[in-house]
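Order of the sequence lines fixes the chain letters, A, B, ..., with proteins taken first and strands second; residue numbering starts at 1 for each chain.
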Amino acid sequence: MQYWLMKSEPDEVSIDDALAAPGGVVPWFGVRNYQARNFMRDAMREGDGVLFYHSSCAEPGIAGIAEVASTAYPDETQFDPGSKYHDPKSTRENPRWLLVDVRALRKTRLMSLPEMRAHPELADMQILRRGNRLSITPVTPAEWRCIIRELE
DNA sequence: GCCAACGTTGGC
DNA sequence: GCCAACGTTGGC
């Protein structure tokens, strides 16, 4: 059992959108970074805990709790010429990009970046590091417990 | 819209 | 394999 923080742009898929999906399950499409892909492919397992993070928006921060709902499988958007996630170099025989399904469990109050920074226990979180751009990052059990406690 | 940080690309 | 140029991310 591991824990993760996953960024989503709420204009694209917000925690409300995910909760409104059938069973609260959404495919985490659009990851186009090898490190993030490898986390999904090599380390994520069904039932892993997920902090649902809203990025590139007015109020960036943790907005909900979710869980990993599948192992990795090919991201269909890479094959769709009409998608902004289309990758002409990827083939169905050898797909370059994968995704996992994520099940939204509940919406929380927003835990903002400044609030996260104010917690000494969270000081080492990857999301808080300068220049961090990775859309999927591991969260330690201690960080997870701290955040869950704060959001209760 | 700015801009720092970082990943990717491609010429050599 | 180096590295400059370029594109993207994402908070502010």
Side-chain angles (χ1 to χ4, degrees), chain A residues 2-21 26-44 48-68 70-140 142-144 146-151:
Chain A
Q2 288 188 263
Y3 302 101
W4 307 94
L5 182 145
M6 300 176 79
K7 292 182 190 173
S8 183
E9 298 187 15
D11 287 349
E12 190 148 31
V13 183
S14 69
I15 183 69
D16 291 320
D17 296 332
L19 284 167
V26 287
W28 207 263
F29 60 88
V31 171
R32 295 293 180 269
N33 169 283
Y34 289 106
Q35 208 178 335
R37 179 204 67 182
N38 293 348
F39 281 140
M40 293 196 286
R41 185 190 62 192
D42 303 332
M44 278 192 174
D48 280 1
V50 173
L51 301 171
F52 197 112
Y53 180 92
H54 283 174
S55 77
S56 295
C57 57
E59 290 186 302
I62 295 166
I65 307 297
E67 65 182 7
V68 176
S70 78
T71 49
Y73 63 95
D75 179 344
E76 277 300 313
T77 62
Q78 74 195 297
F79 306 123
D80 176 3
S83 169
K84 71 170 181 172
Y85 298 114
H86 181 232
D87 184 348
K89 294 183 196 161
S90 185
T91 63
R92 288 196 177 270
E93 295 69 35
N94 191 17
R96 180 178 294 191
W97 304 112
L98 305 175
L99 55 69
V100 296
D101 289 336
V102 171
R103 177 180 298 109
L105 297 176
R106 64 190 174 94
K107 186 177 183 175
T108 63
R109 71 177 179 83
L110 188 94
M111 188 173 187
S112 69
L113 279 178
E115 186 182 350
M116 292 170 74
R117 288 189 206 283
H119 278 277
E121 293 168 88
L122 304 180
D124 291 333
M125 284 190 78
Q126 265 179 262
I127 188 81
L128 299 182
R129 287 184 201 153
R130 241 164 65 98
N132 166 71
R133 289 167 48 185
L134 202 52
S135 64
I136 299 176
T137 48
V139 173
T140 69
E143 290 161 352
W144 174 271
C146 174
I147 290 163
I148 295 294
R149 192 187 319 128
E150 286 298 324
L151 292 176

- Residue list, side chain to side chain donor-acceptor pair (under 3.5 Å) with Arg103(A), at least two apart or on another chain: Glu67(A)
- Message: Run the side chain to side chain contact (heavy atoms under 4.5 Å, CB included) test against Lys89(A) and tell me which residues pass, sequence neighbours left out.
- Response: Asp87(A), Arg96(A)
- Quick one: what's the B/S/- string for nucleotides 7-12 of chain C, heavy-atom cutoff under 4.0 Å, read 5' to 3'? BBBBS-
- Query: Is the centre of the Tyr53(A) ring less than 6.0 Å from the centre of the Trp4(A) ring?
  - Reply: no
- Pair Asp75(A) + Arg32(A): basic N to acidic O under 4.0 Å: yes
- Query: Any side-chain donor-acceptor pair under 3.5 Å between Ser112(A) and Glu115(A)?
  - Reply: no
